[in-house]
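Below: the structure, in structure tokens.
Chain letters run A, B, ... following the sequence lines, proteins first, then strands; residues in each count from 1.
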Amino acid sequence: MPELPEVQAVVNHYKPVFLKQKIERISNPNSYSKVFATHTLPKLNKNVGGQLIKDVFRRGKYIVLQTEKGYLCIHLRMTGQLQEGLDSFVADKHCSFAIHLNTGKTIYFKDYRKFGRLYYYSTLDTLNAKLGVEPFSTEFSFVYVAGILKKSTGMIKPLLLNQKYIAGLGNIYVDEALWLAKIHPKKKSNSISKTKVKVLTRSIPDILKKAIDFNGTTIINFSYGNEVPGDFKQFLNVFGKEGSSCPRCNRPIKKMYVAQRGTHICPYCQRL
DNA sequence: GAAAGTGTTGAAAG
DNA sequence: TCTTTCAACACTTT
């Protein structure tokens, strides 16, 4: 269930596969038509059929294939995976779409929970309108983060999960970043000290960068391509570590729920 | 065997 | 407008 580093790992893996290839057509092996979020399949194929893939990149948690005319955008949601091969039984059941390239090669989108979606836009305006700043961009600064926190009276964790402020963070890396900055996830956003906001601002790109270096985190079933898992799990400090000791103070990590999301904290390091 | 849990998102409800 | 809740779905764990 991929966040920014996992999506980036997928992009890094598939960019050479897609780049400078022509899309022949898109198919819908398991007939789950809801996967097509912006166009019906025939209309989608009218737009992308015969189009050259000019660039492949990530925006938030979206994988973007830039063609000559527009942008084909893939969102993996919880369980989406791209694979270069798939047996027909699995394809019939779990493959919501497949991208057939002119070379005869096919890239399959396998998604057993069917939350993943495929979008097509003529410009990136729609995505840019709903996504906030990229954590690796120059706009992502102490001033920006302090600005959005100051305006919010709600809890910090749901704010960080909200893609319209910062694009790409999800449950794992929010827990990790809050632990690094010693901030309790239920702390009111506008009540966090300047010092901690500074640490948080640095911690977010730091942790994401490290996770990308290891192709992301696989907890249950993420793979960046062809069933290969990410290797960052071993470096997590709190996520999924309930009961084990805090790497900083040795006290036990606790699991709690914040905004209906499983949340891991060190109750000593992160206090309200 | 039923119920709860899972890394996401956005629509609906408050 | 903002924040909180819940449904979309399938599989595993309790």
(request) Taking only the side-chain nitrogens and oxygens of Ser152(A), find out if one of them lies under 4.0 Å from OP1 or OP2 of dT3(C). (result) yes
Is there side-chain contact between [X] and [Y], with heavy atoms separated by less than 4.5 Å?
X         : Y         : result
Asp92(A)  : Asn30(A)  : no
Asn12(A)  : Gln8(A)   : yes
Leu161(A) : Leu169(A) : no

Output all residues satisfying salt bridge (charged side-chain N to carboxylate O under 4.0 Å, His left out) with [X], sequence neighbours left out; order by chain, then residue number.
X         : value
Glu134(A) : Arg58(A), Arg59(A)
Asp213(A) : Lys209(A)
Asp55(A)  : Lys15(A)
Lys43(A)  : none

(message) Suppose the criterion is side chain to side chain donor-acceptor pair (under 3.5 Å): which pairs have a residue in residues 93-109 of chain A, not counting sequence neighbours?
(response) Ser27(A)-His100(A), Glu84(A)-Lys105(A), His100(A)-Thr106(A)
(message) Give me each pair satisfying side chain to side chain donor-acceptor pair (under 3.5 Å) with a member in residues 156-168 of chain A, each pair once, sequence neighbours excluded.
(response) Lys157(A)-Asn171(A), Lys157(A)-Asp175(A), Lys157(A)-Thr263(A)
Touch class at under 4.0 angstrom, heavy-atom based, for [X] against every strand present:
X         : answer
Gln260(A) : base
Lys233(A) : nothing
Phe222(A) : base

(request) Under the side-chain hydrogen bond (donor to acceptor under 3.5 Å, both in side chains) rule, collect the residues that match up with Asp111(A), sequence neighbours excluded. (result) Thr79(A)
(message) Can you tell me how far apart NE2 (His264(A)) and CZ (Phe239(A)) are? Round to the nearest 0.5 Å.
(response) 5.0 Å
(message) Assigning hydrophobic clusters by single linkage (Ile, Leu, Val, Met, Phe, Trp, Tyr; side-chain heavy-atom cutoff under 4.5 Å), is Phe97(A) placed with Val56(A)?
(response) yes
(request) Go ahead and write out DNA chain B as dot-bracket, 5' to 3': ( ) for pairs within the strand, [ ] for ones crossing earlier pairs, | when the partner sits on another strand, dots for unpaired; Watson-Crick or G-U wobble, both distances under 3.5 Å. (result) .|||||.|||||||
(message) Ignoring hydrogens and geometry beyond distance, is a side-chain donor-acceptor pair present between Lys110(A) and Gln83(A) at under 3.5 Å?
(response) yes
(request) Send over the distance from Glu3(A) CD to dT6(B) C1', rounded to a whole Å. (result) 12 Å
(message) Using whole Å, what does the distance between atom P of nucleotide dT4(C) and atom CD1 of Ile156(A) come to?
(response) 13 Å
(request) Starting at the 5' end of nucleotides 9-14 of chain B, put B wherever the base has a protein heavy atom under 4.0 Å, S where only the sugar-phosphate does, and a dash everywhere else. (result) BS----
(request) Go along nucleotides 9-14 of chain C 5' to 3' and tag each nucleotide: B for a protein heavy atom under 4.0 Å from its base, S when only backbone or sugar atoms are that close, - otherwise. (result) BBS---
(message) Pick the closest DNA chain C nucleotide for Asn162(A) and for Arg117(A) by heavy atoms, then say which residue is nearer the 5' end.
(response) Asn162(A)
(message) Tell me which residues in residues 200-219 of chain A lie within less than 4.0 Å of DNA chain B, going by non-hydrogen atoms.
(response) Thr217(A), Ile219(A)
(message) Please give the distance between the P atoms of dA4(B) and dC6(C) as a whole number of Å.
(response) 13 Å
(message) Taking the P atom in each of dT12(C) and dT9(B), what is the distance between them to the nearest angstrom?
(response) 24 Å
(request) Would you mind listing the cluster partners of Leu131(A)? Hydrophobic ones only (ILVMFWY), side-chain contacts under 4.5 Å, chaining allowed. (result) Phe57(A), Tyr62(A), Val64(A), Tyr71(A), Tyr119(A), Tyr121(A), Leu124(A), Leu127(A)
